[in-house]
Amino acid sequence: MKKFVLQRGTNRKGDADYRIAYRDLLNEQQYEAVMHNYGPALVIAGAGTGKTRTLIYRVARLVEDGAAPSSILLLTFTRRAARDMLDRATGVLDDRCNQVRGGTFHHYCNHLLHQYADRLGFPPNFTLLDQADAHDTIHHIRASLAQQLRGKRFPQKQTLAAMFSAAVNKQLSLYEVIASAYPQFMQHHETIEQLHKKYFDYKSKNGVMDFDDLLINTRRLLLQEEDIREKVAANSRFVMVDEYQDTNNLQAELASLFSSFHRNLMVVGDDAQSIYAFRGANFHNILAFPEQYENCRVIKLEENYRSTQPILDLSNTLINKAKEKFEKKLFTKKTEGDLPGLVRAPCERDQSRFITQLLLQLREQGTPLSEMAVLFRNGRDSYDLEWQLNKKNIPFQKFGGQKFAEAAHIRDVLAHLRIIVNPDDNIAWNRVLLLLDGIGPKTASELITWLRLNKTRDLSSSDIVSRSYKKQLDSLSTILAGIARLLDQPGKAVEMVTDYYKPLCEKRFDDHPKRVKDLDAFVGLANGYVSLDQLLQELTLDPLDATAVETEVYAHEENPLVLSTIHSAKGLEWNTVFIIQCLDGVIPSGYSVDDPVAIDEELRLLYVACTRAREHLFVTYPITRESSFGEFFSNPSRFLDNVSENVLEPWVLEEDPGQKQLGS
């Protein structure tokens with residue numbers, strides 16, 4: 001057999017022919033990544049090296065070279081990140097960049113499944129279960145096994161959901177997940193597998209999917225339906241994946257399927273910032289990429305634009321201790337700056353006193369509180385500091401709050417809307433009915449069964465309705481009928497539901513005035529969507545941030561200091577960063593010390609924390625700690641062993657008014 005090799009054509013121009021002066025605007029490595037055309041590529045983007053800028057300019061360059069915007073697929077880990085990148089690409093080129101397809105894996109998979117759901121036996125109007133809905137569904141199914149489980153210690157709904165999700169995201173059997181992570185429940189593995197099957201059947205019967213289903217059902221669709229796979233992949237001439245170090249096995253496989261026709265897959269990430277194994281992220285996806293894709297081009301971004309060189313020297317020193325990594329060394333043109341400080345405090349109270357006093361000094365010197373952050377391994381690590389901050393009246397905001405669409409009052413409203421989009425959504429029906437006086441779980445279940453048998457949303461004609469709550473059901477049926485006429489007017493639909501719901505909200509919540517503010521804001525928000533279906537999908541896939549319940553406390557204060565777990569701080573930066581409780585058993589976690597893979601991830605966690613700082617960095621730990629057994633001596637993190645004082649400068653705390661000042 002003879003072969004003839006076809007040469008790939010390219011529309012690449014000379015530098016002078018582009019509207020954008022790429023070579024002038026980018027450093028050498030960024031330019032190489034932006035100009036990469038065909039075939040697989042891995043861009044190792046160190047912390048603060050302009051990863052986002054590189055992706056933005058590559059999108060613009062592909063469009064400027066003539067690639068159809070709709071043939072470019074940009075996958076990120078938040079919708080906001082994708083939207084921001086495409087808006088900025090539009091700013092550097094033109095409106096064509098807004099036609100590029102961008103979003104999260106879940107969002108893109110949701111889009112595909114709504115086109116082809118019938119191939120998998122789902123209705124095209126299937127609805128999504130958010131995490132709380134999934135937990136409620138599992139609880140409902142678990143309750144059906146109550147007799148079988150009587151007197152036994154069986155996992156709760158949240159634990160069961162975590163087991164099911166781990167099996168999907170790590171592509172393991174449920175038995176393997178239980179054996180490795182939940183050995184205390186091994187005796188129940190057959191019952192758990194039975195419950196998992198019931199959960200799967202329930203979702204299929206009721207036309208609903210959870211977040212994990214979006215990924216696994218898309219994979220199933222593309223593997224079993226060759227015509228769809230070819231069509232989807234052919235429409236994606238260039239595929240880019242951001243934060244590739246955070247992908248799980250399933251997402252890595254989907255990226256391969258999406259790019260299987262043209263094979264132009266560029267993944268961007270930093271192995272040194274892979275810190276989400278607990279969510280199923282597989283660190284080896286990025287390490288193995290060059291071997292998995294033939295003729296893969298590897299480009300390293302190492303020039304840092306965020307931090308001073310002393311901060312980078314500490315960061316480089318730490319990450320060099322990792323067993324598995326890509327070799328790289330961050331550098332910057334900002335060569336001057338204070339050495340990071342290692343602050344050894346006598347106790348936790350003195351650690352907190354040091355931080356609060358230095359915060360106030362820095363604020364007096366012109367650094368706003370919002371430009372400073374205190375980072376920690378676990379939420380509980382900041383409790384003592386929070387007490388000191390309150391004592392000194394220093395406003396702070398602790399990251400990791402509740403999302404808007406996860407608040408109970410917003411979920412109540414959304415349940416009414418979900419019923420209209422998918423009348424078979426029993427979990428939504430159950431939530432709506434339990435809001436009514438006199439209706440408990442048993443009556444709600446009977447009413448839902450009646451609705452399914454009679455294929456209606458109108459409860460007013462039900463022959464099982466008690467007179468005591470018939471008036472409420474008549475009102476509910478009237479509201480639902482009104483919403484059903486507003487499928488393409490989500491703002492009016494939400495307004496109708498909130499007007500109906502406000503009296504229920506006032507009865508249910510002591511802090512209802514704050515929650516009513518959220519309801520009013522929800523009406524305005526809904527006006528930005530074109531349909532109820534779109535509103536429900538978007539809010540489930542990309543929940544908004546804080547609610548009035550939790551943000552009102554900051555309304556009349558200066559922008560607050562940030563307290564955050566290191567995991568929540570990834571991707572952010574501040575002028576000044578404090579890393580507290582840097583102790584063995586905390587960083588690294590005591591659960592990781594016997595696992596070399598886990599130890600490496602804990603090291604990367606500390607690296608991520610250090611690289612959040614632009615100008616000043618302090619690593620602190622207390623010599624003694626308190627426990628229920630009394631005071632005990634602690635040990636600094638093993639990651640600080642053998643770090644030179646020329647890289648990490650020791651600070652001494654004294655009860656003397658002339659204590660060391662920043663930069664002295």
Side-chain angles (χ1 to χ4, degrees), residues 306-315 334-377 381-399 553-554 556-566 569 572-583 587 606 609-624 636 640 643 645-664:
R306 175 187 300 155
S307 307
T308 62
Q309 192 61 52
I311 291 172
L312 297 182
D313 288 341
L314 173 60
S315 304
K334 296 190 286 184
T335 56
E336 301 299 320
D338 293 327
L339 286 176
L342 178 61
V343 183
R344 185 171 177 258
C347 62
E348 289 186 72
R349 182 60 47 84
D350 288 333
Q351 177 182 246
S352 300
R353 287 172 60 206
F354 161 73
I355 292 169
T356 53
Q357 289 174 25
L358 187 52
L359 284 170
L360 292 172
Q361 285 185 24
L362 290 168
R363 183 171 65 172
E364 287 299 312
Q365 294 169 14
T367 304
L369 285 178
S370 58
E371 272 296 315
M372 294 184 272
V374 180
L375 307 183
F376 34 83
R377 177 66 175 81
D381 294 334
S382 67
Y383 290 163
D384 186 81
L385 176 62
E386 291 173 45
W387 184 86
Q388 287 282 348
L389 292 171
N390 284 322
K391 187 177 175 183
K392 297 288 186 181
N393 293 317
I394 299 174
F396 65 88
Q397 182 172 9
K398 193 169 181 178
F399 273 44
V553 67
Y554 304 114
H556 304 296
E557 297 175 339
E558 64 179 301
N559 289 333
L561 167 75
V562 171
L563 305 187
S564 175
T565 63
I566 301 170
L572 303 174
E573 61 182 75
W574 295 270
N575 175 279
T576 301
V577 169
F578 299 85
I579 305 170
I580 65 172
Q581 303 291 79
C582 201
L583 296 164
I587 306 176
L606 183 56
C610 290
T611 53
R612 301 308 95 199
R614 292 197 297 268
E615 300 287 341
H616 305 297
L617 174 64
F618 299 92
V619 179
T620 76
Y621 68 92
I623 299 171
T624 62
L640 303 178
V643 176
E645 292 185 5
N646 295 325
V647 174
L648 185 59
E649 181 182 24
W651 280 45
V652 177
L653 301 186
E654 299 177 351
E655 292 292 346
D656 188 296
Q659 61 184 289
K660 186 170 184 176
Q661 299 295 310
L662 182 63
S664 63

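Values reported hereafter were calculated over all heavy atoms of this structure, with side chains retained and with hydrogens, waters and symmetry mates removed.
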To the nearest 0.5 Å, what is the distance between [atom1] on [X] and [atom2] on [Y]?
X: Cys347; Y: Ile623; atom1: SG; atom2: CD1; value: 9.0 Å
X: Leu362; Y: Gln357; atom1: CG; atom2: CD; value: 12.0 Å
X: Leu342; Y: Ile579; atom1: CG; atom2: CD1; value: 10.5 Å
X: Thr620; Y: Glu348; atom1: OG1; atom2: CD; value: 10.0 Å
X: Phe578; Y: Leu561; atom1: CZ; atom2: CG; value: 8.5 Å
X: Ile355; Y: Leu360; atom1: CD1; atom2: CG; value: 12.0 Å

Does any part of the side chain of [Y], heavy atoms only, come nearer than 4.5 Å to the side chain of [X], both counted from C-beta?
X: His616; Y: Asn575; result: yes
X: Cys582; Y: Leu640; result: yes
X: Leu653; Y: Val343; result: yes
X: Leu389; Y: Leu359; result: yes
X: Met372; Y: Val562; result: no
X: Phe399; Y: Thr565; result: no

- request: Would you indicate whether Arg363, at its atom CZ, is surrounded by more than 12 heavy atoms from other residues, nucleotides or ligands within a distance under 6.0 Å?
  value: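 Above 12, so yes.
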- request: Apply side-chain contact (heavy atoms from CB on, under 4.5 Å) to Ile580 and Phe354, showing your working.
  value: CA-CA 11 Å; Ile580 65 172; Phe354 161 73; over 6 Å; no
- request: Could you please spell out the steps behind the side-chain contact (heavy atoms from CB on, under 4.5 Å) verdict for Ile587 and Phe376?
  value: CA-CA 9 Å; Ile587 306 176; Phe376 34 83; over 6 Å; no
- line: Taken in chain and number order and not counting sequence neighbours, the residues that satisfy salt bridge (charged side-chain N to carboxylate O under 4.0 Å, His left out) with Arg377 are Glu602
- request: Applying salt bridge (charged side-chain N to carboxylate O under 4.0 Å, His left out), name anything that partners Glu615, two or more places apart in sequence or on another chain.
  value: none
Restricting to non-hydrogen atoms, name the atom on [X] and the atom on [Y] that form the minimum distance, rounded to 0.1 Å.
X: Leu583; Y: Pro622; value: CD2-O, 3.5 Å
X: Leu339; Y: Val647; value: CD2-O, 4.0 Å
X: Arg612; Y: Ala569; value: CD-O, 3.5 Å
X: Ala609; Y: Val577; value: O-CG1, 4.1 Å

field: Side chain Thr624, main chain Pro346, donor-acceptor under 3.5 Å
entry: yes
- request: Determine the interplanar angle of the Phe618 and Trp651 rings, folded into 0 to 90°, and report it as parallel if under 30°, tilted if 30 to 60°, perpendicular if over 60°.
  value: perpendicular
Under the rule for side chain to side chain donor-acceptor pair (under 3.5 Å), what residues qualify as partners of [X], not counting sequence neighbours?
X: Asp384; answer: Arg349, Ser352
X: Thr356; answer: none
X: Ser564; answer: none
X: Arg306; answer: Glu573

task: Apply side-chain contact (heavy atoms from CB on, under 4.5 Å) to Asn390 and list each qualifying residue two or more places apart in sequence or on a separate chain.
output: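 If we apply the side-chain contact (heavy atoms from CB on, under 4.5 Å) test to Asn390, skipping adjacent residues, the hits are Phe396.
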- prompt: Do Glu386 and Ser382 meet the criterion of a side-chain donor-acceptor pair at a distance under 3.5 Å?
  reply: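 Yes.
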message: I need the full list of salt bridge (Lys or Arg N to Asp or Glu O under 4.0 Å) pairs touching residues 351-361, with sequence neighbours left out, sorted by first then second residue.
response: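 Output for this query lists Asp350-Arg353, Arg353-Glu655.
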- prompt: With sequence neighbours excluded, what pairs up with Tyr621 under the ring pair (Phe, Tyr, Trp, His ring centres under 6.0 Å) test?
  reply: none
Side-chain donor-acceptor distances from residues 307-315 under 3.5 Å, at least two apart:
| unit_1 | atom_1 | unit_2 | atom_2 | d |
| --- | --- | --- | --- | --- |
| Ser307 | OG | Ala613 | O | 2.6 |
| Gln309 | OE1 | Thr332 | N | 3.0 |
| Gln309 | NE2 | Asp313 | OD1 | 2.9 |
| Ser315 | OG | Ile311 | O | 2.9 |

